[in-house]
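Remarks on the structure that follows.
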Amino acid sequence: MMIPTIIMAKDFGVGTTRNLKKGYDGKKSTGKKSSKQSKKGTTVYKNESKKSAKKGATGMVTIGEVDAEEVRSILRDYVSTLSDDGLMHGYRADPAKHDEEWHACTIVQQCLDPIHMYALREMSHKSRALAYKAMAKTMTQESFNMLQLQQHSNMLLGEMQDWATTCDGSCMELTDPDCKLSPILDGPQNATKRDEDYNACGNLRTINGTCAYWLCDEEPKMIHQANIDVTTGRYALGNIWNEPHIHARNSRYDYFSVYGSLDEGDGPFSMRFSGHHIDVNYHFDDGEIVKDTPVFLGHNPLIVPSETPPTDRKPNDRSDGTIDFLMWENMAGVGQFQEAVDLVLNAANTLLDSVPDSYVPLSNWTSQGRLGALLPVEPAHDKVGIELSSVDEETFETIWAAIQYTMKFARGYRGTDLEKSIFHDEGKVIWTTTKDIENGLPLSEEDLRSNTNFVNMYIETNDWLYFIMVNSMFTVISESEPTNHMHSILIPLKYTSCAHSCCKNDPDFPDSYEPCENMPHHPKHPDMIKGN
């Protein structure tokens with residue numbers, strides 16, 4: 001009941017859109033269908049059914065039992081509700097545009113208003129309801145629940161961010177000229193107090209580049225960490241003043257797009273839902289889902305800080321004192337994603353105990369925002385990567401559980417036998433952490449609750465990349481309870497190129513970080529681009 005996400009039909013048949021407006025690409029394309037299918041057999045592992053894969057009418061292996069025409073009908077109604085602006089951003093008549101235009105910038109929020117997707121905030125209530133309905137009809141209930149939980153988690157993170165930007169406090173300046181933070185658990189930062197108020201302090205950071213930050217008078221005292229220095233393991237100071245604008249944790253930065261013909265029975269079509277820590281893609285052909293990748297799933301915080309802001313706050317110039325932190329208070333101390341916590345701890349212990357030779361020092365990686373990941377500086381994967389086909393069954397099952405968790409976000413309970421066999425037969429794993437190995441890895445839940453742990457597990461097959469990373473990069477955290485931040489992705493290797501992510505396309509620095517300055521942005525929101 002599933003598709004090999006490795007090998008897909010490359011030439012989808014394309015129908016026409018007789019009854020709909022043209023998409024932004026302005027054309028109605030046609031093409032031939034391909035019946036190309038995977039030649040790789042399905043390896044059956046424990047607890048996996050031999051019947052989990054089914055061959056569709058075109059000869060492709062298909063993913064699940066979804067009423068494709070019902071989904072197409074919902075999407076047809078959705079597109080009919082869109083304004084001209086919505087059509088320009090959110091609909092392409094050519095189904096090939098889905099793969100061509102897929103870009104990671106919406107996941108890591110490097111393009112605030114992409115031309116190739118339509119923001120939920122811009123939709124009418126009717127349009128938004130239909131977009132979610134199409135997703136609910138396509139996803140299993142489990143995967144749709146994961147989507148909703150992740151959106152709730154984003155809003156909880158927004159409450160943490162709101163506290164950090166509205167609390168009474170003081171303007172502080174790091175003594176480190178490079179704006180590198182001392183480890184949170186080592187105590188207060190080496191910093192001097194300044195006289196500026198919140199807004200003037202923000203100007204020091206944003207305009208002058210001063211190593212300034214805002215320190216709340218009351219607990220929890222928050223600090224914004226940015227990228228990590230791979231040579232020292234120290235985090236850079238972030239800019240909390242920009243966060244409400246470039247990292248607002250709400251539907252402002254959730255996006256939806258539709259591709260292909262929406263006339264009944266008329267060729268392939270697809271849809272994508274993307275946003276902070278979220279990316280799911282569904283491609284339909286001949287009445288079946290034929291592809292459900294790439295898939296990105298992130299969580300922050302994995303475990304919610306137990307200390308919450310005071311309830312008896314006084315008004316100030318940024319808050320009338322009535323801001324409620326209801327989600328934070330209700331979830332204080334709770335592991336929001338217990339399954340993810342367990343699999344991360346199991347994977348970290350397994351990496352240490354069973355494949356220690358695949359460890360690659362942190363200094364041999366690049367830390368960058370374009371894929372929300374650490375990538376190896378050189379193909380260390382080929383030099384020290386441990387072949388998953390060579391490890392014992394328990395080790396493989398523990399590592400596979402992490403991959404399967406990410407896949408579940410898109411696929412739910414539907415089968416994953418073929419992907420499992422591909423990663424077993426072709427996968428090579430490398431990993432890294434900070435500090436010395438045993439003290440850097442999160443080996444217990446207490447580590448995730450009270451330490452700034454770091455694990456990055458990176459697996460390649462011939463055509464695919466999977467990684468899962470847990471650390472405190474690019475997040476607002478409490479100085480007393482440093483929370484941990486998880487990213488995971490299953491993505492074709494070809495999608496990691498500069499054509500699909502924000503990087504400086506320079507042969508000398510092929511993986512260097514570069515904001516998407518040339519990405520088309522929505523002209524109605526220039527203030528969001530500038531972070532004002």
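The chain is numbered in sequence order, starting from 1. Reckoned from all heavy atoms, side chains included, excluding hydrogens, waters and symmetry mates.
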### Query
Residues two or more places apart in sequence or in another chain: which of them pass ring-ring contact (aromatic ring centres under 6.0 Å, His included) with Trp431?
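In terms of ring-ring contact (aromatic ring centres under 6.0 Å, His included), with neighbours along the sequence ignored, Trp431 is linked to Tyr359.
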
Verify the distance criterion only: is there a donor paired with an acceptor across the side chains of [X] and [Y] at less than 3.5 Å?
| X | Y | result |
| --- | --- | --- |
| Asp463 | Thr461 | no |
| Thr398 | Thr395 | no |
| Arg449 | Thr483 | no |
| Ser389 | Asp425 | no |
| Gln338 | Glu445 | yes |
| Ser319 | Thr166 | no |
| Gln336 | Ser153 | yes |
| Tyr235 | Asn471 | no |

### side-chain hydrogen bond (donor to acceptor under 3.5 Å, both in side chains) pairs, two or more places apart, involving residues 180-189
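Every pair satisfying side-chain hydrogen bond (donor to acceptor under 3.5 Å, both in side chains) with a residue in residues 180-189: there are none.
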
Less than 4.5 Å apart, any side-chain heavy atom of [X] and any of [Y]?
| X | Y | answer |
| --- | --- | --- |
| Thr432 | Leu374 | yes |
| Asn190 | Leu174 | no |
| Asp279 | Trp102 | yes |
| Arg414 | Val66 | yes |
| Tyr213 | Asn239 | no |
| Ser257 | Phe273 | no |
| Val391 | Ile399 | no |
| Thr475 | Leu157 | yes |

Is the side chain of [X] donor-acceptor paired with the backbone N or O of [Y] at a distance under 3.5 Å, no angle test?
| X | Y | value |
| --- | --- | --- |
| Asp229 | Thr231 | yes |
| Ser354 | Leu351 | no |
| Asn484 | Leu448 | yes |
| Gln225 | Phe474 | no |
| Ser358 | Ile386 | no |
| Glu481 | Ser306 | yes |
| Arg234 | Leu181 | yes |
| Trp214 | Asp168 | no |
| Glu426 | Asn462 | yes |
| Thr496 | Pro492 | no |

Ring geometry between [Y] and [X] (parallel below 30°, tilted from 30 to 60°, perpendicular above 60°):
| X | Y | answer |
| --- | --- | --- |
| His299 | Tyr405 | perpendicular |
| His277 | Phe296 | parallel |
| Trp400 | Phe423 | tilted |

### Query
Ring centroid separation for His98 and His116, is it under 6.0 angstrom?
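No, too far apart.
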
### Task
May I ask you to check whether His424 and Phe396 place their ring centers less than 6.0 Å from one another?
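So the answer is yes for these two rings.
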
### Pair Glu307-Ser478, side chain to side chain donor-acceptor pair (under 3.5 Å): steps then yes or no
CA-CA 9 Å; Glu307 187 163 23; Ser478 165; 5.6 Å; no

### Query
Taking it one step at a time, do Phe467 and His487 satisfy ring pair (Phe, Tyr, Trp, His ring centres under 6.0 Å)?
CA-CA 8 Å; Phe467 72 74; His487 282 183; 7.3 Å; no

#### Entry: Short N-O contact, Lys420 and Glu397, less than 4.0 angstrom
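Yes.
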
### Query
Given Tyr253 and His276, is the ring pair (Phe, Tyr, Trp, His ring centres under 6.0 Å) satisfied, shown in steps?
CA-CA 7 Å; Tyr253 299 120; His276 183 241; 9.4 Å; no

### Shortest non-hydrogen contact from Thr293 toward Leu490
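The pair with the smallest heavy-atom distance is CG2-CD2, 4.2 Å.
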
### Query
More than 12 non-hydrogen atoms from neighbouring residues, nucleotides or ligands closer than 6.0 Å to NZ on Lys133, yes or no?
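Counting neighbours around NZ of Lys133, 12 or fewer heavy atoms of other residues, nucleotides or ligands fall under 6.0 Å, so no.
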
### Task
With rounding to the nearest 0.5 Å, note down the distance linking CG in Asn330 to NE2 in His152.
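It comes to 12.5 Å.
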
### Steps toward side chain to side chain donor-acceptor pair (under 3.5 Å) verdict (Tyr282, Ser270)
CA-CA 5 Å; Tyr282 293 101; Ser270 62; over 6 Å; no

### Task
Could you point out which residue of Glu142, Gln404, Glu419 forms a side-chain hydrogen bond (donor to acceptor under 3.5 Å, both in side chains) with Arg411?
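Considering Glu142, Gln404, Glu419, a side-chain hydrogen bond (donor to acceptor under 3.5 Å, both in side chains) with Arg411 is found only for Glu419.
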
